[in-house]
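One structure is given here, and the rest of the page talks about it.
This chain uses plain numbering: 1 for the first residue, then up along the sequence.
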Amino acid sequence: MKFAKDKSRSNLIDKNLQHQLRCTNTSVSVDLQKLTNCCAVQNVSKIPNQCQYVIEIPINDPIYSNNNKTCMSFNRAVTSANFSCPLMPATFMVEVSQYIDGSQIYGSSDTIATGLRTFINGKLRSDIVKGNQNTGVEEFCPQVNRTTLECDSSTNSRVCFQAGDIRINQNLGNALLHNLFLRFHNHLASKLFYLNQFWTDEILYQETRKIIGAVIQHITYDHYLPIILGETYTEYYGLFTPRTMYSDRINPSTSLEFAASSFRILHNQIPAQLNFIDKMYKIAFQVNLTDWMDRPDLLPMGKNVEWLIRGLVETTGREYQASYNQLISNFLFLYNFPDITGQDLLSIDIQRGRDVGLPVYNQVRSICGISLANSFDDLLDLIPFKVNFTTHVIEK
């Protein structure tokens, strides 16, 4: 799989990689979140802990004021205290494997991994779907066992996939990549079985999983990080040279500053629309990303898998900027609660930093052994002039 080394073409992997390394738990279960609007309990005598950081919306907000909304629901993150863990001070928990190991495909626990396996020739469970025009069949992730049309936050979804990461259905691009890697795993397992017919199911599964993890690491370090960090930086720190070797002495855990701040910067690259491009490289149709949150119904229809792959590869991403696209900034999870217009991912990301107690940038400089900045000019040692100048203008 080849990716253009161009900052505008990182659409295909950024969100999937984020989900592989970061999943901060919240104080209520997914099921309870569907039923609980934290804004509705702000007037009770004892506000639940998970609802104490709702986001206040100004009365003159250009979107929410039209619906007389002055509160955005926000659930606090879970800490080690929720698990009777003696870590002090309280530490915010990350639910997924913190290695780039394909855990979004296989799961981060034995229970999840076991539930996704067939235990036959190393393969993963899947559903075979016949094409709309009876032109063939396609393999997809298995469906969640359910008795209603609910799928995560959506109350009306015909399709609800199951995978190693619970956020597989969050958006069409994410669901696409999960399904592609499922197909890739089962294809490789078949090839390995053909070459090694005396291998057990366990050997086939583990060897295939090793290859998938290596492929994802290769894509990440050789194709993705040079786009995000720049080739000069990645070469200087040896991120894709033989100098980078695995060491069991290094703590691989995801830092709070990375999970709750640095990695969320990539949200500004999320496009507002997704293009479905046919084999003639014409846009067959286009959808708003937010119209299909937790509702991947389009994916198994017609040639949408092929068209969306082509759309993500060929469509330029957003250039780096200090904002998110207008849809995820105003209409994220539009249908979470019937009486609101949606949510603002940028506001949620900022509030999450406050929720987990992220230090201010100048404090982090000091922690990292870098001198404190007393003026905007002092920031030029690490922040490019263009970004620094924009921040300066905003501050003024």
Look up atom [atom1] in [X] and atom [atom2] in [Y], then write down how far apart they are to the nearest 0.5 Å.
| X | Y | atom1 | atom2 | value |
| --- | --- | --- | --- | --- |
| L225 | D222 | CG | CG | 9.5 Å |
| D294 | N156 | CG | CG | 12.5 Å |
| T208 | L192 | OG1 | CG | 4.5 Å |
| L345 | R264 | CG | CZ | 8.0 Å |
| F263 | I228 | CZ | CD1 | 9.0 Å |
| H267 | R318 | NE2 | CZ | 12.5 Å |

Which pair of heavy atoms, one from [X] and one from [Y], lies closest together, and at what distance?
| X | Y | value |
| --- | --- | --- |
| V41 | P48 | CG2-CD, 3.9 Å |
| E138 | G302 | OE1-O, 3.8 Å |
| Q326 | F331 | O-CD1, 4.2 Å |
| I168 | A163 | CD1-CB, 3.5 Å |
| I105 | I216 | CD1-CD1, 3.9 Å |
| L298 | N304 | O-ND2, 2.7 Å |

message: Run the side-chain contact (heavy atoms from CB on, under 4.5 Å) test on I328 and L289 for me, step by step, so that the C-alpha distance in whole Å, both residues' side-chain angles and the decisive distance to 0.1 Å come before the verdict.
response: CA-CA 8 Å; I328 63 172; L289 178 74; 4.1 Å; yes
message: side-chain contact (heavy atoms from CB on, under 4.5 Å), that's the test. Do L358 and E257 meet it? Break it down for me.
response: CA-CA 7 Å; L358 285 181; E257 289 78 11; 4.2 Å; yes
Give the cluster check for [X] versus [Y]: same hydrophobic cluster or not, with ILVMFWY residues linked at side-chain heavy-atom distances below 4.5 Å.
| X | Y | answer |
| --- | --- | --- |
| L379 | I370 | yes |
| V144 | I112 | no |
| W199 | F119 | no |
| Y236 | Y224 | yes |
| V364 | L256 | no |

message: I'd like to know if the side chain of K123 pairs up with that of S190 as donor and acceptor (distance under 3.5 Å, no hydrogens or angles considered).
response: yes
Looking at side-chain heavy atoms only, is the closest gap between [X] and [Y] below 4.5 Å?
| X | Y | value |
| --- | --- | --- |
| R183 | V305 | yes |
| N75 | C38 | yes |
| L274 | W292 | no |
| Y106 | L124 | yes |
| V54 | M72 | no |
| I227 | Q269 | no |
| H223 | H218 | yes |
| K303 | F276 | no |

- prompt: Parallel, tilted or perpendicular: which fits the ring planes of F161 and F140, with parallel below 30° and perpendicular above 60°?
  reply: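 Rings of F161 and F140: parallel, under 30°.
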Any side-chain to backbone donor/acceptor pair from [X] onto [Y]? Under 3.5 Å, distance only.
| X | Y | answer |
| --- | --- | --- |
| D101 | S103 | yes |
| N275 | I283 | no |
| Q50 | R76 | no |
| N179 | A175 | yes |
| Q343 | F74 | no |
| N288 | Q273 | no |
| D127 | Q143 | yes |
| N325 | I270 | yes |
| S65 | D61 | yes |
| S108 | S97 | yes |

task: Using a strict cut-off of less than 4.0 Å between a Lys/Arg side-chain nitrogen and an Asp/Glu carboxylate oxygen, indicate whether R117 and E202 qualify as a salt bridge.
output: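 The answer is yes: the pair qualifies as a salt bridge.
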Using a cut-off of 6.0 Å, state whether more than 12 heavy atoms not belonging to [X] lie near its atom [atom1].
| X | atom1 | answer |
| --- | --- | --- |
| E306 | CD | yes |
| I367 | CD1 | yes |
| Q286 | CD | yes |

task: Go through the steps to decide whether D381 and R365 satisfy the test salt bridge (charged side-chain N to carboxylate O under 4.0 Å, His left out), and finish with yes or no.
output: CA-CA 11 Å; D381 56 348; R365 286 175 64 97; 2.9 Å; yes
- line: Per side-chain contact (heavy atoms from CB on, under 4.5 Å), F193 is matched among I203, L188, L204 by L204
message: For a side chain to side chain donor-acceptor pair (under 3.5 Å) check, start with the C-alpha distance between D377 and S375, then their side-chain angles and the critical distance, and finish with the verdict.
response: CA-CA 5 Å; D377 288 342; S375 68; 4.8 Å; no
task: Applying side-chain contact (heavy atoms from CB on, under 4.5 Å), run through W307 and I277 and close with a yes or a no.
output: CA-CA 5 Å; W307 289 359; I277 298 179; 5.7 Å; no
- request: Starting from the C-alpha separation in whole Å, work towards a yes-or-no answer on side chain to side chain donor-acceptor pair (under 3.5 Å) for R209 and Q206.
  value: CA-CA 5 Å; R209 182 170 178 172; Q206 296 295 350; 5.3 Å; no
field: Passing option when Y324 is tested against D349, D344, N268, N330 for side chain to side chain donor-acceptor pair (under 3.5 Å)
entry: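 Of the listed residues D349, D344, N268, N330, the side chain to side chain donor-acceptor pair (under 3.5 Å) partner of Y324 is D349.
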field: Test log, rule side-chain contact (heavy atoms from CB on, under 4.5 Å), inputs R295 and C151
entry: CA-CA 7 Å; R295 195 159 60 97; C151 184; over 6 Å; no
